[in-house]
Each structure stands twice: as structure tokens, then as C-alpha cells.
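First the proteins, then the strands, lettered A, B, ... as listed; each starts at 1. Just so you know, these numbers use all the heavy atoms, side chains as well, and skip hydrogens, waters and symmetry mates. Computed from a prediction, not measured in an experiment: that's the story for all the values here.
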There are 2 protein chains.
Amino acid sequence: MSGLRERKKQRTRDALVRAALVLFTSKGYEHTTVDEIAEAVEVSQRTFFRYFAGKEDAAFAVHRIAEAHFIEAVRGRPSHEAPLEALSRAVLDGWHHINEAVESVVPPELQMRMYHVIESTPALLAAHMRRSAETEEAVARLIAEREGVDVDVDLRPRVVVALFSGLMRLTERRWGAGTDLSVAAMRELTSTYLDAMGPALAGNWRTEPQ
Amino acid sequence: MSGLRERKKQRTRDALVRAALVLFTSKGYEHTTVDEIAEAVEVSQRTFFRYFAGKEDAAFAVHRIAEAHFIEAVRGRPSHEAPLEALSRAVLDGWHHINEAVESVVPPELQMRMYHVIESTPALLAAHMRRSAETEEAVARLIAEREGVDVDVDLRPRVVVALFSGLMRLTERRWGAGTDLSVAAMRELTSTYLDAMGPALAGNWRTEPQ
DNA sequence: TTGTCAATTGTCAGTGGCTGTCACTAGCCT
DNA sequence: AGGCTAGTGACAGCCACTGACAATTGACAA
């Protein structure tokens, strides 16, 4: 199964991710060079690029795990839940499981700080948003499947997901801007914003201030 | 007013934008080097970087104009319109004016093809989404002002804008994926997706298929 | 006009991300 | 044991981008 070769490879990869995150969160993403990451793990720069497509790729190594878990969480929602409900619960319930999966590679606190770095580094934020857009497409297909409609004919799957994603990006942004970077804070923000959806789409805000 | 110096600068800048767009749309963004752009306008590479923060910045020179126009369009909406209505109309009506403003710098057809390049170039798509996020914040403040609420207390401004933006990104993506890159096509897609908002958020899709 | 100042530009040198190539080492398989 | 090959290091090179300094040129006053 897992020969010496493969295990060594996995260890090198994990070490690179950890070293990268430690450096990114301490000196900042842009002020960290690939050479420094490679040196910290005692491999050549060339080897770093054999594991990661680029510096950016290393920054999202952990994030990738979280995304995969979110998709699985959506897939696991009981089919009687309405689309928006399923998405909301997948996010709210998913956070704990995501953290479990992640901490086998890096300490959770490091990952939380990395979120902050991503949010405050333009290049990483941009990459993050593009990645989210890709996830969006996958989730839209999932929702379509759940509801038994054709994603290329019925607009609703992509529309709910687009609306939901817009809201989640807002939540992330507000979470990153704050000081409480805990999972609990994220959960609370998420439901607060979800609850604000209805009122925000209401026709007239002035007759009934919130 | 506009001395020789300033006019010359403007001409150089416009020439750089045009050269960049022509090259980006013909050879692709990544296969175009800054040297080539500079050479096409007969300035040094260093000069290019004095006009633009980077290659990416040149790619969005036109886009920037469109964004500013959208914000103005929102500001110009009569105050009796509900927030979502104002945003929708600003986009739908805005397209024509945006095109007018843009064509003084580059031919509209070139700009349309550039949209396509942005949509299909990961690095540019990422940058585009980050830029949109910044616009989002500005629009949220505008809406808050319109409705006379505090953007840091009332969640609704940011929420409508987040939802609306999610939908607009979806529209852009679908538009870019299609073959009809006309303004008319964009307008039609926009209202189609806007109309799908209600049904998509409805609790149960199965009882009443669309 | 002409001299002076300041803005604009070109040149040069250097950093850092990223890639291709090639030889070498170390795990794997018969 | 010995050949095979994945993984690696070393080196060279491309390109985006930046800082420093010198040359040029428009602006403006004497």
C-alpha cells in the first residue's frame, strides 16, 4: 500500500504546508519567499514547485480540504430539506467536521490565522474568490440533482447557489474583519446574515425599520 | 487647463491600453509580455509600469470606467425605488451609457472580447472578482445612504448588495460562456436571472416545477 | 528668448516567482 | 544483486516588477 516512498512524500508535503503557513502568518504572504519555505524544510526550491503549482497553491492547501468537506456536507443533507435550508445547515453543521479534518495537518489556530491572511492579502483574496466560484458550480449541480431538475434548463439551482454564495462571502468578509476568529463566531455571523435575507429583499425598508 | 504634457500623457496611456487589449485578445493574456506591449507603443518597459501597477492593471483599465458608471447609475436612481429595484434598473439601463463612455478609448468590440478573455483567464477572473468585492462595499454604503440607515448597524444594505452581486456574477459567467456577446444579450440574461430569484428562494421546488 | 525647475522617461541592475533540463540518488521490483 | 524509475538537486533562463540615477523635455518666469 503505502511504501516508504509515498510516506516520505506525504511527510515532505505536510512539512511544506506547515512551514508555508507559519511563515505566511508570521511575516506575511508577500514577504515570504519560496526559497525560505523550501529552506525551512530543507528541500530545493525546485522541489517545492513539484508539490505545489505555486506559492498561492500552498496557501490554499488547507482550504481545499474544507471545501471538499462542505460539498460532502451538502450531499449529506436529507432530501426533504429545501435547497436554501440544506445549504445553510451544511455550512452551520459542517464547521466542526471541517476543523477535525484539518487539524491532522496543521494546528487549528494556525489555520484560523491563515484565513485572516487570505482575507487581507489582495492576491490571496482574489484567488480565494475564484476558487469559491468553482465550488459554486459543483454545488449548483448537486442541488439540481437533489431536486431532480436539469441544471442547464432550470435556472433555480445556479441562482440559489449564487445568492447563497454572495451571502457567504459577505459573512466571511465580516468575520475576517472582526477580532473573534472562532468557529462559534463564524456560525453566529452566518445565521445572522441568513436571517437578514428576507428583510433585505423586502420592497420597502422605510416603513418597517429593522 | 490641459497642457501639452498632460495631453501627451493621456495619449500614451490610451495607446498602452489599446495595445494591451489588442495583444491580450489576440495572443492571450499570459502569452503577452509587458515588453511587447511597451514595444508596440514604443516606450520602455519601465514607462509601462509608471502608468499601470502591473499587467493586470492594464487589463482592467476599461473595466474601471464601467464600474464607476455603474455606481453613478445607482446614485442616480429615484429614491422611491426599492433597493433591489434600484440596483436592477441601474444595471439594465446603465449598459448603454457605459458603452458610450468606453468607446472613446477602445472600440466596443475589443472591449467585449476582453470580457471574454477575463472570464477565461484564471488570474484575471480572480482579479475581477476581487475588484467586484470592492465595488460591492461602495454600493452597500450608497444603498444605506439612500435608505437612511447605518451600514454598520443595519445588515440589510450589505445583504441586498451581496445577494445582488452573487446574481450578477452568475449572469456574467453565463454571458461569457455563451456566444452572443452583445449588450442586448447581457440585458436579457440579467432580467431572466433577476426574475428567477423568487422561485429559487422558495421553500419547495418540487410541488411547482418551473 | 533663455535659463531654471520639475515632470517624464530611459537605462541598468537586481529580486523573486516559476519552468525546462539533466544528471544523480534512493526506493522498488524481479 | 542489479536494472528500473520516481523523486530530487543544481543550474540556467524567462518574465513580472522595483529602485536608483541620469537624460530629456514641457512649463514658466526673468
Side-chain angles (χ1 to χ4, degrees), chain A residues 1-17 19-21 23-24 26-61 117-118 121-128 130-131, chain B residues 1-17 19-21 23-24 26-61 117-118 121-128 130-131:
Chain A
M1 278 296 162
S2 67
L4 208 163
R5 211 174 231 168
E6 262 182 79
R7 263 177 292 148
K8 194 175 177 181
K9 238 173 71 171
Q10 192 57 48
R11 254 186 292 131
T12 305
R13 202 196 134 86
D14 288 354
L16 281 171
V17 170
L21 294 205
L23 286 167
F24 291 162
S26 59
K27 337 185 359 176
Y29 175 74
E30 326 220 82
H31 295 117
T32 302
T33 68
V34 173
D35 285 304
E36 287 170 331
I37 303 170
E39 200 175 358
V41 183
E42 299 191 293
V43 295
S44 73
Q45 190 218 46
R46 195 67 185 85
T47 295
F48 173 91
F49 284 108
R50 287 197 178 99
Y51 282 96
F52 303 100
K55 204 167 100 171
E56 186 184 291
D57 193 35
F60 288 103
V117 172
I118 291 173
T121 306
L124 288 181
L125 182 56
H128 173 47
R130 185 174 51 78
R131 297 174 55 78
Chain B
M1 281 296 159
S2 66
L4 205 161
R5 207 171 232 168
E6 264 183 76
R7 262 176 293 147
K8 196 174 175 181
K9 241 173 69 171
Q10 192 59 49
R11 254 186 293 130
T12 306
R13 203 196 133 87
D14 288 354
L16 281 170
V17 170
L21 294 205
L23 286 167
F24 290 161
S26 60
K27 336 182 3 176
Y29 175 75
E30 326 221 85
H31 295 116
T32 302
T33 68
V34 173
D35 286 304
E36 286 170 332
I37 302 169
E39 200 175 1
V41 184
E42 298 192 293
V43 294
S44 74
Q45 189 219 48
R46 196 67 184 84
T47 295
F48 173 91
F49 284 109
R50 288 199 177 96
Y51 281 95
F52 304 99
K55 204 167 99 170
E56 187 184 289
D57 193 35
F60 288 104
V117 172
I118 291 174
T121 305
L124 289 180
L125 182 56
H128 173 48
R130 184 172 53 77
R131 297 174 54 79

Per A:Thr47 side chain, nearest of listed nucleotides C:dG10, C:dT19, D:dG9: D:dG9
Whole angstrom value for the distance that separates P of C:dC18 from CD of A:Glu36: 14 Å
Can you figure out which of C:dT9, D:dG9, C:dC28 approaches the side chain of A:Leu4 most closely? C:dC28
Heavy atoms from C-beta onward define the side chain here; which of C:dA7, C:dG10, D:dC17 lies closest to that of B:Arg5? C:dA7
Rounded to the nearest 0.5 Å, how far apart are CZ of B:Arg131 and CD1 of B:Ile118? 8.5 Å
Taking the side chain of B:Val34 as heavy atoms from C-beta outward, which of D:dA16, D:dG9, C:dT8 is closest to it? D:dA16
Given atom CZ of A:Arg11 and atom P of C:dG27, what is their separation to the nearest angstrom? 11 Å
Does B:Lys27 have more than 12 heavy atoms from other residues, nucleotides or ligands lying within 6.0 Å of its NZ? yes
What is the distance, rounded to the nearest whole Å, between atom CD of A:Gln45 and atom P of D:dA10? 12 Å
Do the side-chain N or O atoms of B:Tyr51 get closer than 4.0 angstrom to the phosphate oxygens (OP1, OP2) of C:dT9? yes
Quick one: B:Lys9 NZ to C:dA7 C1', roughly how many Å, whole number? 8 Å
Give me, pair by pair, the N or O atoms of the protein and of nucleotides 20-22 of chain D that are less than 3.5 Å apart, along with how far apart they are.
none

In whole angstrom, give the distance that lies between atom CG of A:Asp57 and atom P of C:dT19. 11 Å
Measure the distance from CD on B:Glu39 to C1' on C:dG10 and round it to the nearest whole Å. 15 Å
Nearest 0.5 angstrom please: A:Lys9 NZ to A:Thr47 OG1, how far? 12.0 Å
Within-4.5 Å side-chain heavy-atom neighbours: A:Ile37 and A:Phe24: yes
Please classify the nucleic acid contact of B:Thr33 as base, sugar-phosphate, or nothing, using heavy-atom distances under 4.0 Å. sugar-phosphate
Of all the choices, C:dG10, C:dC18, D:dG9, which nucleotide is nearest to the side chain of A:Lys55 once you look at every atom? C:dC18
What is the distance from atom OG1 of B:Thr121 to atom NE2 of B:His128, rounded to the nearest 0.5 Å? 12.0 Å
Over how many whole Å does the gap from B:Lys8 atom NZ to D:dT24 atom P extend? 13 Å
A:Arg7 CZ - C:dC28 P separation (whole Å): 8 Å
When you compare the side chain of A:Val41 with that of A:Phe48, does any pair of heavy atoms fall below 4.5 Å? no
Within a 6.0 Å radius of atom CD on B:Glu39, are there more than 12 heavy atoms belonging to other residues, nucleotides or ligands? no
